[in-house]
Amino acid sequence: MTHPDPSLWKDNDSGLTLTSRKEQHLDVVLAGKAGATVTTGLEAVLFEHVALPEVSWHEVDLSTRFLGCRIDAPVMIGSMTGGPRRAGAINRTLAQVCQQLRLPLAVGSQRVVIEGGEAAGLDGSLRRLAPDIPILANFGAAQLNRGFGRDEAMRAVEAIGASALILHLNPLQEAVQPEGDRDWRGLAAKIGALARDLPVPVVVKEVGAGLSGPVVARLAAEGVGVFDVAGSGGTDWAKVEAARAPDPAAARVAACFAGWGIPTAEAIRGARQAAPDATIIGSGGIVDGLDAARAIRLGADVVSLAGAVLASAIDGPEALLGQLDIVLRQLRTACFCTGSADLSALRQARLRQPA
């Protein structure tokens, strides 16, 4: 049996290579080559319709608290990837719209910025555009095994005046991309040390294959208090990497894992059971307000949309505002038609069958 040259699977990224990779990721997603091959499982959550709701649609209270801040709805714009060529404009649009609607914003990976690359809008200008909302910084947890630590985490947080730091977990993506980081030994302890040491909360997030209950429990024991489950059913990163693979063999390895992961509905349930007191962000294939209502009913405190709003974010503030207005109206209508005057009531809304 022959073995591939190990150098082909060595992470030897320069800043330019990493930037190019982020651009490729964006192109693949926008081309429609990364669509879900499995469902989120949220479609099985069936609310019992209340024909006599006894609430006013206009007075349904969607507001909640998140990371110590009052937000107008439990909807976050999640981390989006992309190189500096387009990311700067996207980040400005996201900040402006989230500030206007008073919704949280999570930025894409700041690794390029931390390593000395172009900021792409991930600097003080972001906070000036969005002074009153939670903003979440972000880099990959695997970087903790490549020299990143408290100093780099603080650089990410301080660069954008962040309210929290996301450490994203993407083992499948790293395993199937030629440039991937494959040494994940000892990361739980390093994540825990950072969570206990930073002055802002650490959020652990998957990128589309889901957090399991045991992983959430392990990290909660390490001091992590916020989890973004990012289940399967949304953007499929195995398909993204298959589309940009450098050779047919690498493409076949990646494509084999299309649909891999824990569906979003299952991941939300498991995370809530594993960490009853944690803040749970439901994400992964959430595209509308009814999905958001279902995720909240299962145990999510807020939901996050990323791929579903990417095209609108590229089109500009007006397009993104229009799409999010529809999402919020859908969520309000789901509350109204279940007789839920607020999110606490929605979490107790009757279901037609066990979810």
Between Glu158 and Arg155, is the closest basic N to carboxylate O distance under 4.0 Å?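 Between Glu158 and Arg155 there is no salt bridge, as every charged N stays at least 4.0 Å from the carboxylate O atoms.
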
Electrostatic pair Asp301:Arg272 at N-O distance under 4.0 angstrom: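 Answer for the salt bridge query: yes.
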
Closest approach of [X] and [Y], non-hydrogen atoms and distance?
X: Trp184; Y: Glu174; value: CZ2-CG, 3.9 Å
X: Gly108; Y: Ser79; value: CA-CB, 4.0 Å
X: Ile268; Y: Ala295; value: CD1-CB, 3.6 Å
X: Arg111; Y: Phe139; value: N-CB, 4.5 Å
X: Arg297; Y: Leu346; value: CD-O, 3.3 Å
X: Ile114; Y: Ala156; value: CD1-CB, 3.9 Å

Would you mind reporting whether [Y] and [X] have side-chain heavy atoms less than 4.5 Å apart?
X: Thr264; Y: Ser283; result: no
X: Gln110; Y: Ile160; result: yes
X: Leu136; Y: Val107; result: no
X: Ile71; Y: Val302; result: yes
X: His168; Y: Asn138; result: yes
X: Val207; Y: Gln173; result: yes
X: Leu169; Y: Lys205; result: no
X: Ile133; Y: Leu103; result: no

Would you find more than 12 non-hydrogen atoms of other residues, nucleotides or ligands less than 6.0 Å from Arg218 atom CZ?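 12 or below, so no.
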
What do you reckon, is CD of Glu318 surrounded by more than 12 foreign heavy atoms closer than 6.0 Å?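 Counting neighbours around CD of Glu318, 12 or fewer heavy atoms of other residues, nucleotides or ligands fall under 6.0 Å, so no.
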
Any chain of hydrophobic side-chain contacts (each under 4.5 Å) joining Ile77 to Phe66?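 No, separate clusters.
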
Is there a path of hydrophobic side-chain contacts, each under 4.5 Å between heavy atoms, that joins Leu42 and Leu328?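 In one cluster: yes.
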
Would you find a donor on one side and an acceptor on the other, under 3.5 Å apart, between the side chain of [X] and the backbone of [Y]?
X: Arg332; Y: Val60; result: yes
X: Asp325; Y: Leu321; result: no
X: Arg196; Y: Glu222; result: yes
X: Asp236; Y: Gly259; result: yes
X: Arg182; Y: Ala175; result: yes
X: Gln323; Y: Ala308; result: yes
X: Arg294; Y: Val45; result: yes
X: Thr93; Y: Ala89; result: yes
X: Glu241; Y: Lys239; result: no

Apply side-chain contact (heavy atoms from CB on, under 4.5 Å) to the pair Leu194 and Arg150, showing each step before the final yes or no. CA-CA 7 Å; Leu194 204 55; Arg150 188 184 192 280; 4.2 Å; yes

Can a side-chain donor-acceptor contact be found between [Y] and [X] if the only test is distance below 3.5 angstrom?
X: Gln99; Y: Asp132; answer: yes
X: Gln143; Y: Glu152; answer: no
X: Trp260; Y: Ser232; answer: no

Please identify which of these residues, Val216, Val204, Leu167, meets the side-chain contact (heavy atoms from CB on, under 4.5 Å) condition with Val224.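 The passing option is Val204.
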
Among Leu165, Val226, Thr279, which one satisfies side-chain contact (heavy atoms from CB on, under 4.5 Å) with Val203?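 Running side-chain contact (heavy atoms from CB on, under 4.5 Å) over Leu165, Val226, Thr279 with Val203 returns exactly one hit, Val226.
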
With side-chain contact (heavy atoms from CB on, under 4.5 Å) as the criterion, how do Asn145 and Lys190 come out once you've worked through the C-alpha distance, each side chain's angles and the decisive distance to 0.1 Å? CA-CA 9 Å; Asn145 275 353; Lys190 291 177 182 177; 2.5 Å; yes

Just do the side-chain contact (heavy atoms from CB on, under 4.5 Å) check on Arg127 and Ser163 with the steps written out, would you? CA-CA 10 Å; Arg127 180 50 87 184; Ser163 313; 3.5 Å; yes

Please round to the nearest 0.5 Å and tell me the distance separating atom [atom1] of [X] and atom [atom2] of [Y].
X: Thr64; Y: Asp342; atom1: OG1; atom2: CG; result: 9.5 Å
X: Gln177; Y: Leu172; atom1: CD; atom2: CG; result: 10.0 Å
X: Arg70; Y: Arg65; atom1: CZ; atom2: CZ; result: 6.5 Å

For Arg146 and Asp183: C-alpha separation, side-chain torsions, deciding distance, then whether side-chain contact (heavy atoms from CB on, under 4.5 Å) applies. CA-CA 9 Å; Arg146 293 176 60 84; Asp183 183 2; over 6 Å; no

